[in-house]
Amino acid sequence: MIAHRGASAERPECTLSAIERAIEAGATATEVDVRTSRDGRIYILHDATLDRTTNGKGPGSSLILAELQKLDAGSWFDPKYRGEQIPSLIEVAQACRGRIDLLLDLKEQGDDYDRQVAKVILQHGEDGRTIVGVRSIAQAERFRELLPKAKQLALIPNTESIEAFADAGVDWIRLWPRWLKDGNDP
């Protein structure tokens, strides 16, 4: 059972509070979205912009991690979560270590980004309890080398790419229900 963005129905999504609730509820994994701040630090936020889930505005990538963590990422959900912060990947990996599997929805591409994510998991998390949500064949191949103990979930763009990702050796492939209903891609 994967808690999407943590226990996002009960707590502000992609926060440490949501992850703690996912653990309490007995989820076997928690999914989070992984992005890079202006100073090259890895943080957790679903949207590319801050507008929906924080009191900030504009792209999260335009701020350094310290600025991102000064924002309120909880009040939008419920006033009792005022002051909840945008967590770094380090904080999330540490919170999950030994307690719950961690599914990383990689929102970016590139060698440097992938290496930074892998470094955090190796230093602060558990590579054997990590599922890497890859979005390209190159990323799947890179993570097979960077985190060989991790599982891989292919977040494919269309049904035509299923075979290529399967050939790349991913463990699972995400399909959208609408693809199964009518065969149409997004």
Min side-chain heavy-atom separation [X]-[Y] under 4.5 Å:
X	Y	result
Pro12	Trp76	yes
Arg129	Cys96	no
Ile131	Leu102	no
Leu155	Ile173	no
Ile137	Phe165	yes
Leu153	Val134	no
Leu175	Ile162	yes
Ile2	Leu103	yes

Atom [atom1] of [X] and atom [atom2] of [Y]: how far apart are they, to the nearest 0.5 Å?
X	Y	atom1	atom2	value
Leu63	Leu68	CG	CG	5.0 Å
Cys14	Glu84	SG	CD	11.5 Å
Trp176	Ile156	CH2	CD1	10.5 Å
Glu20	Ile100	CD	CD1	9.5 Å
Glu31	Ile44	CD	CD1	9.5 Å
Ile121	Lys149	CD1	NZ	13.5 Å

Passes side-chain hydrogen bond (donor to acceptor under 3.5 Å, both in side chains), Thr15 versus Gln85? Steps please. CA-CA 7 Å; Thr15 62; Gln85 294 181 330; over 6 Å; no

Shared ILVMFWY cluster between [X] and [Y], side chains joined below 4.5 angstrom?
X	Y	value
Ile90	Leu45	no
Ile86	Val34	no
Val117	Val92	yes
Leu147	Val170	yes
Leu50	Tyr81	no

Which pair of non-hydrogen atoms, one from [X] and one from [Y], has the smallest distance, and what is that distance?
X	Y	value
Ala3	Ala22	CB-CB, 3.5 Å
Thr36	Tyr113	OG1-CD1, 3.3 Å
Leu65	Ser88	CD2-CB, 4.0 Å
Phe143	Leu106	CE1-CD1, 3.4 Å
Ala150	Val132	CB-CG2, 4.0 Å
Ser8	Arg5	CB-O, 3.9 Å

Are Asp112 and Lys119 close enough, and set up right, to give a salt bridge (Lys or Arg N to Asp or Glu O under 4.0 Å), and what steps lead you there? CA-CA 10 Å; Asp112 288 343; Lys119 182 179 178 182; over 6 Å; no

Checking the side chain of Thr54 only, and the main-chain atoms of Leu71 only, is there a donor and an acceptor separated by less than 3.5 Å? no

Looking only at atom types and distance, does a side-chain atom of Arg21 sit under 3.5 Å from a main-chain N or O of Ala7, one as donor and one as acceptor? no

Within the supplied structure, the quantity of interest is the number of heavy atoms (other residues, nucleotides, ligands) at a distance under 6.0 Å from [X] [atom1]; does it exceed 12?
X	atom1	result
Gln123	CD	yes
Glu145	CD	no
Arg82	CZ	no

Run the side-chain hydrogen bond (donor to acceptor under 3.5 Å, both in side chains) check on Gln139 and Gln152 step by step: do they pass? CA-CA 10 Å; Gln139 197 169 48; Gln152 290 187 5; over 6 Å; no

Just to verify, which of His4, Arg135, His46 counts as forming a side chain to side chain donor-acceptor pair (under 3.5 Å) with Asp105? Arg135

Pairs flagged by salt bridge (Lys or Arg N to Asp or Glu O under 4.0 Å) wherever residues 41-65 is involved - sequence neighbours left out: Glu13-Arg52, Asp47-Arg52

Donor-acceptor side-chain pairing of Ser75 and Asp72 below 3.5 angstrom: yes

